[in-house]
Structure formats: structure tokens, C-alpha cells
2 protein chains.
Amino acid sequence: MSARARRSQEDMLAAIRAAVLAELSEVGIGRMSMAGIAQRSGTARTSLHRRWSSPTEILLEALEHSYPQETVSPGLDDLRGDLIRALGFLVEWLATPTARAVESIVVERGRHPELARALYERVFDQKGGRFTRTVLVHYAEHGHLDPARITDVVTDIGEALVLKHLADAGSPPDEAMLARIVDEAVLPAVGHPPAGNRS
Amino acid sequence: MSARARRSQEDMLAAIRAAVLAELSEVGIGRMSMAGIAQRSGTARTSLHRRWSSPTEILLEALEHSYPQETVSPGLDDLRGDLIRALGFLVEWLATPTARAVESIVVERGRHPELARALYERVFDQKGGRFTRTVLVHYAEHGHLDPARITDVVTDIGEALVLKHLADAGSPPDEAMLARIVDEAVLPAVGHPPAGNRS
């Protein structure tokens, strides 16, 4: 494929991803249609059907595409910084339109349980399951943390506190608050010395 | 006041509290009216106006009335059990109609910021601020925990993980999961030995 053809295909995909988020936000999960997404994105319905079997498949592709994958710094010498950066990915993502789409899927899980399940399996789990989990597992695999302490409860602490802060304060935590979440809640749970004992 | 008059006044208050929750759920925060609450509760509007200045005042009274106050067992010898019971109060409350009312206030905080603020100040803060906080402060005040570790982040860990579990699983945590939240996240954050080190 030529660079130009590839470019135009990427533009088309971007338009389709934006269209499915707009469709969701305006008509709701239950009423999304291929025709609506085709019209909003300026794409032929036949092109959509060639690639996807339903509007929710397009939605899942859009969510997967924009969901961040946390990274680990080389060297295994900055657990605290890696954890703060991991929660920073979550905070950045919360400001995107896909975060609102995810929220509406979670809120409507009762009516669309299969979509909520696919969201967790095909988006969250593919990208590490929970923010801070990739970092914690990496340090544990290299002997810097006790693997027995990297449980599902512990890998959820950072994400839970970020989302709780958003719900209580109406805005996501700033960098200083992310550092406090890591120092006061995440690091103690993996057996790290409290902040006062570190340099 | 005679026992009978007091009883009938309590019945009337209960009917008004139920009415304001029904009104909120059916018409939304912005459209609640004294007339609607009067009709739903079978009370004269003049009686409502004598006691409350607005529908949101009635709503706050109903929320305050049903929001649990966590307790501490006598003896200061069961921190773990007291914490699990504190989170149990939250789980029980989540099944009540007032939990849905609180959720809608939090979701709509952008449109009704003064009501959200009143919810925190007049309901949550009056009842201890966060579940587990009353217990942690009590043990710290009696020298069983380092008061410096009882921060706003730390007192939010249990509540954040319970609400996160509800969002992810679609149902609140059971008793075994509450115990894991306490053992793996709350106790380490207050400097308590991990579960493996206890009897």
C-alpha cells in the first residue's frame, strides 16, 4: 500500500472512531446504528460492514485504540516514579471522549452486560488490567517486590483512589495528589517503607 | 407530646423522606417541588413550608437521616474487625434508595454544585467523613496507630476500593472481599503488619 493510501486509510479510521463516540453520546448504546456511524464519518455503510459486524464492534475498536498502555522505565530503579506515571496515564485518559464512553458502558451494564464484559476483556485486560499493575508485576518479576503482595486488591488501590478523588472533588487528582496516593497507599501495600523512611 | 402524637409525627416524617426520594428519582434534582413532595407524602404543603425552605432541604434531611454512622467496638482490641464492620455499613447503605439519590447528586454536581457541597458537609462529614475514618482516628487517639498516617488519602482507601468493586463487578464486595480490602490495603497503609504476620 502506498504511503498516501495508508494515510487516507488512517484518516478514515480516525473519522470512524470519532463517529462512533459521537453516535454513542447522542443516541445511547442501544440505538447506535451502522447507518448513523457511516453518515457521521462520511464512510459508505458497505465499508463498515466489510470490517465490523456491529456498532459495538466499532465502539470496542475505538476504545481499545485510545486506551493507554502503561510503561516501565528501564533500570528497575524508580518504582515510585513509575507508579506515579502509571496513574498519570489514567488521569490523562480521563480527559478524553473515550472516558465518557466507558463511563456510559459501565453505568448501563445492567442493560448491556455483554458489552461491559467485552470492555473489560478486550480493552482493560489487553492493556494491563489496571493502572499500576504492569509496573508492580514487572518489579515483582525481577525480585524487587514480593509477588504474593501483588493481588487484585492491591493493583486496584491506585485506580480506585484516582476515581474516588474524581467523584468527590469533581476533578482528577493533580501530580502532588498522585504522589501521595502512591506514597501513602500503594507503596505500603506492597511492603515498601513509608515515605518518611525514604530519602 | 403524647406517644401517639409522636408516633404519628414519625410516620409523617418517614412518608416525607420516602416522598422526596421518589420525587428525585422521577423528576430529577432541578424539578423537585414542594407540591410534588406534599402530594406524594399525603402532607399539606403548608406543613412542609413550616419546617423546610426548599425541596433540597427535605432531601438533605432524608439523606442525613438514613446515612449510617460507623461505630467502634469497646476495648480497642479489634482494629481489623472494626474496619471490616465499618466497610460493611457502607455496603449495607449502598443497597438503600438513598444511595441512588446520592449517586445522582454526585453525577449532577456540575449543574447543582451547592447541593453536592451540602451533601458532603451536612451528610458525609457529620457522619465521620469516610467509612473507616472514625475507627482509624479512634485507635490513633488511643495510641494504637501513628496519627501521622491517618491522612485523607489513607482514610479513603477502604471506601474507594468498595466503590471500585461495585463499579467493576456490578455488585458490592462480599464479607470475604471486605476482609481482603482491610488486610491488603487499609492495614498496611496504617503501618500494621500484613496478614501473614498476624495470628
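By convention in this document, chain letters (A, B, ...) are assigned in the order of the sequence lines, proteins followed by strands, and residues within each chain are numbered from 1.
For B/R85, the CZ atom sits in a packed shell: over 12 heavy atoms of surrounding residues, nucleotides or ligands are nearer than 6.0 Å. For B/R133, the CZ atom counts as loosely surrounded, since its 6.0 Å shell holds 12 or fewer non-hydrogen atoms of other residues, nucleotides or ligands.
Pairs passing the ring-ring contact (aromatic ring centres under 6.0 Å, His included) check and including a residue from residues 168-190 of chain A, sequence neighbours excluded, do not occur.
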Q.
Under the criterion salt bridge (Lys or Arg N to Asp or Glu O under 4.0 Å), I'd like the reasoning laid out for A/R180 against A/D183: C-alpha separation, chi angles, the key distance, then a yes or no.
A. CA-CA 5 Å; A/R180 288 190 54 207; A/D183 287 336; over 6 Å; no

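The candidate from A/T151, A/L119, A/V162, A/I181 with the greatest count of non-hydrogen atom pairs under 4.5 Å with chain B is A/T151.
Side-chain contact between A/V182 and A/L79 is absent, with no heavy atoms from C-beta onward closer than 4.5 Å. Put simply, the side chain of B/L63 does not reach to within 4.5 Å of the side chain of B/R122, judged on heavy atoms. Looking at A/L90 and A/T132, their side chains never come closer than 4.5 Å, going by heavy atoms from C-beta outward. Residues A/M12 and A/I16 meet the side-chain proximity criterion, which asks for heavy atoms closer than 4.5 Å. The side-chain heavy atoms of A/L145 and A/H192, taken from C-beta on, include a pair separated by under 4.5 Å.
Between A/L166 and A/P172, the closest heavy-atom pair is CD1-N, 3.6 Å. Between B/M177 and B/D174, the shortest heavy-atom distance links the atoms N-OD1, 2.9 Å. Pairing each heavy atom of A/R149 with each of A/P188, the nearest pair is NH2-O, 3.7 Å.
Taking non-hydrogen atoms and a 4.5 Å limit, the residue list of residues 98-112 of chain B in contact with chain A, ordered by number, reads B/V106, B/R109. At a heavy-atom separation below 4.5 angstrom, chain A is approached by no residue within residues 64-78 of chain B. Taking 4.5 Å as the heavy-atom cut-off, none of the residues of residues 22-58 of chain B approach chain A.
Proximity to chain A (any heavy atom under 4.5 Å) is shown, for B/F124, by neither the backbone nor the side chain. B/R130 touches chain A through its side chain: at least one heavy atom from C-beta onward sits under 4.5 Å away, while N, CA, C and O do not. For a residue to count as touching a neighbouring chain, one of its non-hydrogen atoms must lie under 4.5 Å from one of that chain's; by this rule A/L163 touches chain B with the side chain only. Both the backbone and the side chain of B/L161 come within less than 4.5 Å of a heavy atom of chain A.
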